[in-house]
Amino acid sequence: MAVGPDGLTDYQRKMNSQEKCNNFMRQFRDDESRELKKLTANQFMEVWSHYDADGNGYIEGSELDGFLKEFVSSVNANDSGPESVSDAMLVELKECFMEAYDDNQDGKIEIRELAQLLPMEENFLLLFRFDNPLESSVEFMKIWKAYDKDNSGYIEADELKNFLRDLLKEAKKDHDVSEDKLIEYTDTMLQVFDQNKDGKLQLSEMAKLLPVKENFLCRSVFKGASKLTKEDIERVFALYDRDNNGTIENEELNGFLKDLLELVKKDYDALDLQEFQDAIMRGCDFNKDGKINKKELTMILLALAKHGADDDMQSGMGMAANNPLAEIATMGMKALKLQKLRVRHFVNRTLGTNTTS
């Protein structure tokens, strides 16, 4: 039987190929060293799509078990599958793996967490900004407004490409990346973060691509775990009042309300934020100046702390908390639904079609 330049017969090459198909990760390892090769943006997307089988944006449960088994067993060139990893070994492996890579400790792997594990093109890895997260949502909203050039409420493909180009320019890597490669990066980022697959990024999707260090409002002090102090309120006010003019306004207000909205809604767009802002300002902007001063912020934070305390007391009883923040949040969501109904009614009336209330 003829032997090729690689020292293998056709049959051996076929068997090696079949083994690689049985273990998805094996194709990305070097045949000699067995180390993982650097993945291109497209290859990284292939790995993510393969293991995030349900497309929910996480590798968890049986998906995570399958990934870990194949990741480990792929080191062995002759192993035909992940069954060599015992259940006991898997438990220990998962514990060590999650401790190292599950940054937010939610028991599942996000796209950014996987990106820290797998070797990738340096320029593509830069786009995840691991070493330079944003200080707060105020900075995020400034970036959002800067790149949403047409004020559509979405970051579309060309706007995302401009954003990624500027990230590479900031890292002095823009000359290393061709236009075709930049398009590849843009397409990959859209595939990864565009959860509803509409070809553009809404606010919550962009927030996953460009995360802040922390949502300060998630701290235990705002969940009723301890008494809210004057120093806590001063700290929050300083976090959002970036220009130190004594009020939270414009992008500062948008950033604060984005953090507040994320406490009650994980999937949101720019219209949701605007409706939420209208509801919050109706309930808390006592002097009606369109800004939040320290006194008004205090009222919101006290409501937030009470919300957390009520949740702690009532969660075991299966009851929803009845408090100012929850009511305000509900008002925001109802306003959004009401607006959509009004638009639908207007369209039907304009077209001369019948509609039911």
Side-chain angles (χ1 to χ4, degrees), residues 24 39-60 63-64 67 103-104 106 108-118 120-121 123-130 133-134 137 139-168 177 179-212 215 254-255 258-259 261-262 264-276 336 340:
F24 190 78
L39 305 184
T40 66
N42 284 336
Q43 287 173 330
F44 176 73
M45 188 60 205
E46 284 179 32
V47 173
W48 176 258
S49 299
H50 179 80
Y51 291 104
D52 179 23
D54 57 7
N56 71 343
Y58 301 99
I59 297 176
E60 56 184 330
E63 297 170 342
L64 181 57
F67 168 71
D103 294 334
N104 58 6
D106 61 355
K108 45 195 176 185
I109 295 297
E110 298 178 358
I111 187 80
R112 294 174 56 79
E113 293 165 342
L114 183 68
Q116 294 182 76
L117 168 67
L118 300 178
M120 292 194 297
E121 296 176 22
N123 293 329
F124 182 61
L125 194 60
L126 282 171
L127 304 180
F128 287 90
R129 292 175 60 100
F130 290 119
L134 296 179
S137 287
E139 280 71 31
F140 173 84
M141 291 308 303
K142 287 179 179 177
I143 291 173
W144 173 268
K145 292 194 173 183
Y147 288 96
D148 181 20
K149 296 289 188 183
D150 56 2
N151 297 313
S152 65
Y154 298 93
I155 299 296
E156 286 137 347
D158 57 334
E159 295 168 335
L160 179 60
K161 186 173 74 169
N162 291 335
F163 169 71
L164 298 180
R165 179 186 284 113
D166 288 347
L167 276 185
L168 293 168
V177 178
E179 187 67 15
D180 287 344
K181 181 61 73 172
L182 185 60
I183 291 172
E184 179 190 334
Y185 289 170
T186 303
D187 289 343
T188 302
M189 285 299 193
L190 271 176
Q191 290 180 65
V192 170
F193 292 101
D194 179 21
Q195 290 294 300
N196 59 8
K197 306 303 177 188
D198 61 356
K200 51 194 176 184
L201 297 183
Q202 65 181 31
L203 208 55
S204 59
E205 293 166 346
M206 187 67 175
K208 291 180 180 177
L209 168 60
L210 193 61
V212 299
N215 183 340
N254 294 148
K258 169 186 169 291
D259 286 347
L261 178 59
E262 284 181 349
V264 294
K265 188 176 176 67
K266 297 302 181 186
D267 182 25
Y268 57 90
D269 58 22
L271 181 58
D272 291 329
L273 182 63
Q274 184 59 54
E275 291 290 341
F276 190 69
L336 173 60
K340 290 178 178 177

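In this chain, residues are counted from 1 in sequence order.
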Please report the shortest heavy-atom distance between [X] and [Y], naming the atom on each side.
X    : Y    : result
G255 : S137 : O-CB, 3.4 Å
L201 : W144 : O-CH2, 3.7 Å
S204 : K266 : CB-O, 3.4 Å
E121 : A41  : OE2-N, 3.7 Å
A207 : K258 : CB-CE, 4.0 Å
F276 : V264 : CE1-CG2, 4.3 Å

Between [atom1] of [X] and [atom2] of [Y], what distance do you get to the nearest 0.5 Å?
X    : Y    : atom1 : atom2 : result
Y185 : L168 : OH    : CG    : 7.0 Å
K200 : I155 : NZ    : CD1   : 11.5 Å
L273 : Y268 : CG    : OH    : 7.5 Å
L203 : Q274 : CG    : CD    : 11.5 Å
T40  : M45  : OG1   : CE    : 12.0 Å
D52  : I59  : CG    : CD1   : 6.5 Å

*asked:* Which residues pass the ring pair (Phe, Tyr, Trp, His ring centres under 6.0 Å) test with Y147, not counting sequence neighbours?
replied: F163
*With F67 via ring pair (Phe, Tyr, Trp, His ring centres under 6.0 Å) - residues at least two apart*: Y51, F71
*asked:* Determine whether a donor-acceptor pair (N or O, by modelled atom type, separation under 3.5 Å) exists between the side chain of D148 and the backbone of S152.
replied: yes
_Under the rule for salt bridge (Lys or Arg N to Asp or Glu O under 4.0 Å), what residues qualify as partners of E205, not counting sequence neighbours?_
none
*Considering residues at least two apart in sequence or located in another chain, which fulfil the salt bridge (Lys or Arg N to Asp or Glu O under 4.0 Å) criterion with E139?*
R242
*Pairs meeting criterion salt bridge (Lys or Arg N to Asp or Glu O under 4.0 Å) with involvement of residues 149-163, two or more places apart*: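 Sorted pair list: K161-E179.
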Evaluate the side-chain proximity of [Y] to [X]: yes if any heavy-atom separation is below 4.5 Å, no if none is.
X    : Y    : result
D194 : N196 : yes
L160 : L209 : yes
D103 : Q116 : yes

*Describe, in one word, how the ring planes of F44 and F128 are oriented to each other, choosing from parallel (under 30°), tilted (30 to 60°) and perpendicular (over 60°).*
perpendicular
*Go through the steps to decide whether L126 and L167 satisfy the test side chain to side chain contact (heavy atoms under 4.5 Å, CB included), and finish with yes or no.*
CA-CA 8 Å; L126 282 171; L167 276 185; over 6 Å; no
*asked:* Quick one, L261 with D259, criterion side chain to side chain contact (heavy atoms under 4.5 Å, CB included). Give me CA distance, side-chain angles, the key distance, then yes/no.
replied: CA-CA 6 Å; L261 178 59; D259 286 347; over 6 Å; no
*Between K208 and E110, is a salt bridge (charged side-chain N to carboxylate O under 4.0 Å, His left out) present by the stated rule, with each step listed?*
CA-CA 10 Å; K208 291 180 180 177; E110 298 178 358; over 6 Å; no
Ignoring hydrogens and angles, write down the donor-acceptor pairs under 3.5 Å from the side chains of residues 186-193, residues two or more places apart or on other chains.
{"residue": "T186", "atom": "OG1", "partner": "L182", "partner atom": "O", "Å": "2.9"}
{"residue": "T188", "atom": "OG1", "partner": "E184", "partner atom": "O", "Å": "2.9"}

*Any luck finding a side-chain donor-acceptor pair between D272 and Q202 under 3.5 Å?*
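Not at all, the side chains of D272 and Q202 share no donor-acceptor pair under 3.5 Å.
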*Quick one: do the N254 and K145 side chains pair a donor with an acceptor below 3.5 Å?*
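Side chains of N254 and K145: pair found under 3.5 Å.
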